[in-house]
Engineer: 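Take a look at this one; I'll ask things after.
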Amino acid sequence: MEHAEEEVPRIGVFICHCGVNIGGVVNVPEVVKYAMTLPNVVYAEDNLYTCSSEGLSKIKESIGKHNLNRVIVASCTPRTHEPLFRATCEEAGVNKYLFEMANIREHCSWAHMHEPDKATEKAKDIVRMAVAKARLLKPQDEPEIEVTPSALVIGGGISGMMSAICLADQGFKVYLVEKEPELGGMLRHLHKLFPTMLNASEGLNKIVEGVKQNKNIEVWPSTVVKQVKGFIGNFDVSVQRENRETANFQVGTIIVATGADIFEPVGMYGYKKYDNVITQFKLEQLLKDNQLKKPERVVMIQCVGAREEKGRTYCSRICCMEALKNALLVRELHPETDVYILFRDLQTYGREYEEWRRMAQDKGVKFIKYNLEKPPEVVAGHDGKLTIDVYHALLSEQVQIESDLVVLSTPLVQREDAKELSQTLKVPLGPDGFFFEAHVKLRPIDFATDGIYVCGTAHSPKDTAESVSQALGVASRASIPMAVKRLRTEAITAMVDESLCSGCGTCVKICPYGAIEKDEKGVARVTAVVCKGCGICGASCPEKAITMRHFTDEQVVAQAFAALGRAVA
Amino acid sequence: METSKSVLVIGGGIAGMQASLDLASRGLKVYLVEKTPSIGGRMSQLDKTFPTMDCSICILAPKMIECFRHPNLTILTYSEFQEVSGSAGNFMVKILKKPRFVNEEKCTGCGVCAQHCPVEVPNEFDMGIGVRKAIYVPFPQAVPLKYTVDEEHCLKCGLCQKICQAQAVDLNQKPEVVHLNVGAIVVATGFELFDVQRRSEYGYGKYKNVLISLEFERLLSASGPTGGHLLRLSDGRIPKRIAFIQCVGSRSLKGGVSFCSNACCMYATKEAILIREHEPECEVYIFYNELKVFGKGFQDFITGAQTHWGVKYIRALPGEVVEDSKTGDLTLWYEDTIENVTKSIKVDIVMLCPALVPRATNKEVSVILGLELDEHGFFKPKDFLFAPVDTNVPGVFICGYCQGPKDISESVVQASAAAARAAEVIALSAGKEVH
Amino acid sequence: MAYEPKIVAFLCNWCSYAGADLAGTSRICYPPNVRAIRVMCSGRVDPAFVITAFETGADGILVTGCHPGDCHYVSGNLKAEKRMENVKKLLGLLGLRPERLRLEWISTSEGEKFAEVVADFTEQLRKMEPNPLRAEVNPRAPENTKDVISKAVKKTNVQYCLECGKCSSSCPISKLNDAYSPRRTVEKTLLGFENRVLSGTDLWTCLTCFTCTERCPSDVKFPEFVRACRRLASKEIMEELCAHRGIPMALSRIMMNPKIRQERMGWLPNGAEISSKNDLLYFVGCLPYFDVAFEDFNLNLLKIPQSVVKVLNKVGIKPAMLRNEKCCGHDLLWTGDVENFEKLAKMNVADFKKTGATRIVTACPECYRTLQKDYAERLGNFDFEVLHFSELLSELVDKGQIEFEGKLQRKVVYQDPCRLGRHMGVYEPPRKVIASIPGVQMVEMGRNRENAVCCGVNAWLSCNKYSKEVQIDRLMEAKATGADLLVTACPKCQIHWKCVTSEKLPVNPEEVTMEMRDLSVLVAEAMHLT
């Protein structure tokens, strides 16, 4: 749906000082003066902080006073405030797609801090480019869609289950899909959970019961997600159960709670070479099944395969507490057993986690710090024992420890099948392999793709309490679209000029979202609500029959010309 | 009685705001109560946030404005939560709106009153470094952008009243009591800073060039007292060497609190990077004991600081800071535990990273609501593992730093978690009704 | 009295030894009670030799040298004379008759004189009681090292160490001496390397000033840990590192002997009023001995107890005093001699009880801490309130009972003694007292109260170049405040500072020399009582 208005653009330009972030480098008043010389610019002013309520009021005021029908704000990156300014324009009666931003901070004043003259010139160019595009902008409509009030939770571990229960209690239908035959995830294999030392099975069983008894939750064990089509509010999900039965669900939101795997340190510190070198996870199993033969001296090595120079550079957060917990359990079972913990930096960050370090110190656990540059060595000793050679970083001397059980603390890593899932859902994995959220600080459990959320160790290593917090968090995030039942979607979608389309089908093949089909006439047709507006089709069409709303070929080229100083008609 | 489909959120920092927005976006009515004149909390005082180095107020302001504009959200700033009765599904709460002596409907935020006010006092938002007037907004992006008269320092000269074009100043304004009926309550009161004067060996309060981190954030902020210029407060000189001291008051069995404050290793690194950005000639040292790199992206951030920005990390907690009273220069004594040598280093500025502690006023809140506090003053979750945002009182939830030490990302997550629980409780309570 | 006195004689090589030889060659007989030790010069005779010999049971000690003017080493004999005079005074204080120590000049040709002296001395000694001291010098009972250390680790929080290094960088010695690090000492202990800790010098280097304890985030009480370990550590090393060759500790032990009746009240001023029974007991400490041992410093240390008694008398208190007061045992405890400390403590408490006192006041912070804290902890049953004199003065000032006469126009800087300040938390009472003196202007050093710097030596241990540096640095800091009078509430501080300023200094004496006064003496002066 497009408005066929052909009105003369009346552009208002608002140039922000952003305190001294921009104004301290760029000569803002000069840019304001320059803006006024540009074609179709009828008004220009500068603000100290355009994004403040004062600045926003001035925009609205000026729209009214000067009859503006296009607005440009020259300030920071659109990624921060575009929605805010767009909403402000709408309030003043200007369609939000008639708004354009000129980034003269991140792309200008901040990057050219020591060359104010050149920065000012560049700012003028950027404003000119924005004006060139703004002249060609057309208003757009955002289609409204209905939201199916049901959610798909992928992963039946503690995170998946907690978010399922929370959503179900709020009245939403939840499909809980779990790859394994039973629910529970990692917690099934754990012994005691720090810091309350509750038996994992005890805590888990209550939750599993809660899930099974909840009428709004449909549990699908031994099931994997095969395909996901659609968009927020309208996902079409295909699943396959036990490699035979397939099913389809319609859901409004999707929650990824697929958990993580534990790194196996093959080839490190004698793992798989010596029988008495095991992982912390294996120790957990032994303690749980009461299978630990009394060791004389246990040596735990932290950061095995984590915090590396390259590859797994991250810290896996929970291993230090795991080690402390297990060290205390071992000492409780076998008070004569010596325990050493070889660490780099002890991650005892939680409210009472430092107390645990003290408890371990009280029980005589010995702590030796080693550095990345000089890691410990594990070699065969006498009588089937092992000798651990470690450079004590704080005493500056080599220490040798004889041990009959070496425990390696390894990090959580992303699961093998996550790559496939990330492609199925079209959500990204980060540099550390874990799922990558929309914004690390302010949108940590949302994906950039609307309607899909992530929680638990699928997001990053964390413990039970933190997983539960995130699980409840995504329940809140997912409940928002489902509660309001209707959503407005982006207007930036592809449109086909049927008269130019030759029906070659290139765009159909190339669309990552499957948003284009050939219709009965053999001509390309875009399903706007599926289209994400990437523009790949536009660039591939040999006939130039497809273009993007708000990013038309004309608009893009106009900006290029403006950048190069070529005169515009 | 019919379940109230509204929620009271106590505390207008990032956690309170996130919880409010989640709840308001899903159709519940939210009352956000904040005791200072503006929402925004600690995040508004920061210059940048780790590990993305986003401008803090830039990513915060949209959320603040969203809170302000959301049809389902009512913000009550300069207000305090006073009383409560009832139970989950139906709490009756009493809020006291302190008089700001300015009519919020009429005030346009133009600032002329402040220009004429004769009284200057240290600006709390700038940690006492800059000044403000007795009639003020705490910071330029304040929400709501309405002026407030600080009753304690106001001379009642009436100049502001005379000069206000909108006739918004009302020096006779009385406190207002607001009664609300809500279905659930979310507590998000945040933190305050440990009093580092208790660690007298570092000379804070005695030596002009010993600062605490939040003061530093204000110095670095473009809207701060020095306009973002990195200067020594004693003589205005550009520093050539700055030292950060971690764990001041944290992880202590005596003279502090026993827990780790979670964010200090990272924010010190962030500030160090900002210093190196502002002044490439300035050396920066971070004196630490254990590097807490447990969060997503933390280790890479610190590795980058070391390798790319040349920030020097020394594993030592300094024993003392001594001042040369003539120059204001500081000498710091430390034992480099890796090199095994005790030595001193002369620096221009010492930055202390104080422990972040739960507010003393949590006690009042806990008494009013009947909540349990732990030995440090944090609100106690009902079950640390499986009910981390619930409390011993059904229908009352906690999130953010007041529940336990954490950074911004975790506060945001927990805020959504508290919102989910609040929504759940209201849904369940409404579902149980028999009409 | 049919006992045979045992005499130990120190004979100088050049004259006296030859003289004794001549007696033999000439067949001149004399009683066989003497055992000779040859030294090159009578100046070689260390007072410690004499004290040790007495402690071990010698009834008499004979020191002989060349006649004055004839000393092979010019004036060694004159030094011997001065030293032995000093030792005689100590013996006098102990109630051991000074005549037990005899100094004689005997030349090569004076064989007869030698014989006469020995005979005369033996006869003289026969008429006296045998030396009551017959103690073996402390064989220590073997102890389970691991057990003792493990208990000490738990008691002093050592196991909570975060290895942060704050202790080492707060320690006045560690800052100067890289080889010493409290942190590394703790780490070695926790890793099971106690033998290295016990056999090294680390344990004896600690000043026990508590600066590290004050600042440690894990509340590790390192000096108390060190103290517990000293019990197990090598005594030989301790003696090597102990200044004044362990004489003070020997004196403390000697006082314990039940047959010793000290004569230590000579300092009492005329007209002073004391009692044998009173609610308040004044505990003097070892000042009479220090006064003799350090008489060269001209510190007039006896003014301290004199001032205390005068002030007490002025406000109407006639304090109880112990005529045979024994050392509080501080140095014994802090050098690891726990057994003797406990014996001494029990004896003192028994004596305290006899006076009927409920309050004990002392002008020495070491005695104050030892009585208030260590006696109470180790004996269990200790029902006395112990005050430092500054606390008592502060009380009296509050009640308005102290009358100052005229004005004392002095600019005063106050040193917080470690035992009074960081150990016991007493910072304000001395300041209140000083500030209440009319005319006095108080200034503070930058490093004051809990950040004050130790006077550099503790229990006479490890007094070395590092101690000197610490002392000079502190005195310069005091001088730099512009004060003209340095006041302290601890006699040891004064002694150690006077010691360093009496030596050849690496700095301009102007920068460190300050008039010093004990708080009690200052107050007495201001009250015109002296």
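Just so it is clear: chains get the letters A, B, ... in the order the sequence lines come, proteins before strands, and each one is counted from 1.
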Engineer: Please look at A:Asp463 and chain B and tell me whether the side chain, the backbone, both or neither of the residue comes under 4.5 angstrom of a heavy atom of that chain.
Structural biologist: neither

Engineer: Does B:Ser409 use its side chain to pair, donor to acceptor, with the backbone of A:Val440 at less than 3.5 Å?
Structural biologist: yes

Engineer: Any salt bridge linking A:Arg477 with B:Asp22? Criterion: basic side-chain nitrogen under 4.0 Å from a carboxylate oxygen.
Structural biologist: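 Yes, charged N to carboxylate O under 4.0 Å.
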
Engineer: A:Leu56 versus chain B, heavy atoms under 4.5 Å apart: side chain, backbone, both or neither?
Structural biologist: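 For A:Leu56, the side chain is the part near chain B, not the backbone.
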
Engineer: Quick one: what part of A:Ala471 sits under 4.5 Å from any heavy atom of chain B, side chain, backbone, both or neither?
Structural biologist: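 Contact with chain B is absent: no heavy atom of A:Ala471 under 4.5 Å.
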
Engineer: Hey, mind stepping through A:Glu354 and B:Lys292 against salt bridge (charged side-chain N to carboxylate O under 4.0 Å, His left out) and telling me if it holds?
Structural biologist: CA-CA 12 Å; A:Glu354 289 282 343; B:Lys292 302 291 191 195; 3.3 Å; yes

Engineer: Please state whether the side chain, the backbone, both or neither of A:Tyr49 comes within less than 4.5 Å of a heavy atom of chain B.
Structural biologist: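 For A:Tyr49, the side chain is the part near chain B, not the backbone.
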
Engineer: With a 4.5 angstrom heavy-atom cut-off, could you sort out which part of A:Ile158 is near chain B: side chain, backbone, both or neither?
Structural biologist: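 It is the side chain, since no backbone atom gets that close.
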
Engineer: Quick check on A:Tyr353 against chain B: is it the side chain, the backbone, both or neither that has a heavy atom closer than 4.5 Å?
Structural biologist: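 For A:Tyr353, the side chain is the part near chain B, not the backbone.
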
Engineer: Quick check on A:Tyr453 against chain B: is it the side chain, the backbone, both or neither that has a heavy atom closer than 4.5 Å?
Structural biologist: neither

Engineer: Any heavy-atom pair between the side chains of B:Val389 and A:Leu472 that's under 4.5 Å?
Structural biologist: yes

Engineer: Does some side-chain heavy atom of A:Leu442 sit less than 4.5 Å from a side-chain heavy atom of B:Val412?
Structural biologist: yes

Engineer: Go through A:Arg351 and B:Phe384 one step at a time and tell me if the side chain to side chain contact (heavy atoms under 4.5 Å, CB included) criterion holds.
Structural biologist: CA-CA 10 Å; A:Arg351 191 183 54 105; B:Phe384 190 78; 4.2 Å; yes

Engineer: Mark yes or no for whether A:Gln347, through its side chain, and B:Leu291, through its backbone, hold a donor-acceptor pair below 3.5 Å.
Structural biologist: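 Pair found, side chain donor or acceptor close to backbone of B:Leu291.
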
Engineer: Given a strict heavy-atom distance threshold of 4.5 Å, which part of A:Lys369 is in contact with chain B: side chain, backbone, both, or neither?
Structural biologist: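 Contact with chain B involves the side chain of A:Lys369 alone.
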
Engineer: Given that the side chain runs from C-beta out, which part of B:Lys63 has a heavy atom under 4.5 Å from chain A: side chain, backbone, both or neither?
Structural biologist: side chain

Engineer: Where does B:Ala142 contact chain A at under 4.5 Å (heavy atoms): side chain, backbone, both or neither?
Structural biologist: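 For B:Ala142, backbone heavy atoms alone lie under 4.5 Å from chain A.
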
Engineer: Sort A:Glu91 into side chain, backbone, both or neither according to what part of it lies under 4.5 angstrom from a heavy atom of chain B.
Structural biologist: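 Contact with chain B: side chain only.
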
Engineer: Measure A:Asp432 against the heavy atoms of chain B and call it side chain, backbone, both or neither at under 4.5 Å.
Structural biologist: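 Only the side chain of A:Asp432 comes within 4.5 Å of chain B.
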
Engineer: Which region of B:Thr52, side chain (C-beta onward) or backbone (N, CA, C, O), has a non-hydrogen atom less than 4.5 Å from a non-hydrogen atom of chain A, or is it both or neither?
Structural biologist: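 Side chain only.
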
Engineer: Please tell me if the side chains of A:Asp345 and B:Val293 come closer than 4.5 Å, counting only heavy atoms from C-beta onward.
Structural biologist: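 With C-beta onward as the side chain, the pair stays apart.
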
Engineer: Name the region of B:Asp407, side chain, backbone, both or neither, that has any atom closer than 4.5 Å to a heavy atom of chain A.
Structural biologist: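 Just its side chain gets close to chain A.
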
Engineer: Apply salt bridge (charged side-chain N to carboxylate O under 4.0 Å, His left out) to residues A:Lys462 and B:Glu410 and explain how you reach the verdict.
Structural biologist: CA-CA 11 Å; A:Lys462 54 181 63 70; B:Glu410 286 178 63; over 6 Å; no

Engineer: Would a distance-only check, ignoring hydrogens and angles, find a side-chain to backbone donor-acceptor pair under 3.5 Å from B:Glu290 to A:Leu346?
Structural biologist: yes

Engineer: Taking side chain as C-beta onward, heavy atoms only, is B:Cys55 less than 4.5 Å from A:Arg105?
Structural biologist: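 They are in side-chain contact.
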
Engineer: Identify which part of A:His439 has an atom lying under 4.5 Å from any heavy atom of chain B, answering side chain, backbone, both or neither.
Structural biologist: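 When you check distances to chain B, only side chain atoms of A:His439 fall under 4.5 Å.
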
Engineer: Heavy-atom cut-off 4.5 Å, strictly under: side chain, backbone, both or neither for B:Ile14 against chain A?
Structural biologist: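 For B:Ile14, the contact with chain A is made by the side chain alone.
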
Engineer: Is A:Ile207 close to chain B through its backbone or its side chain, or both, or neither, when contacts mean heavy atoms under 4.5 Å?
Structural biologist: side chain

Engineer: Given a strict heavy-atom distance threshold of 4.5 Å, which part of B:Cys110 is in contact with chain A: side chain, backbone, both, or neither?
Structural biologist: neither

Engineer: Identify which part of B:Met64 has an atom lying under 4.5 Å from any heavy atom of chain A, answering side chain, backbone, both or neither.
Structural biologist: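 Neither; nothing under 4.5 Å.
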
Engineer: Between B:Val413 and chain A, which part of the residue has a heavy atom less than 4.5 Å away: side chain, backbone, both or neither?
Structural biologist: both

Engineer: Can you say whether B:Asp383 sits under 4.5 Å from chain A via the side chain, the backbone, both, or neither, judging by heavy atoms?
Structural biologist: neither

Engineer: Within 45 degrees of the ring normal and closer than 6.0 Å to the centroid, is that where the cationic atom of A:Lys441 sits relative to B:Phe50?
Structural biologist: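 That pair qualifies as a cation-pi contact.
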
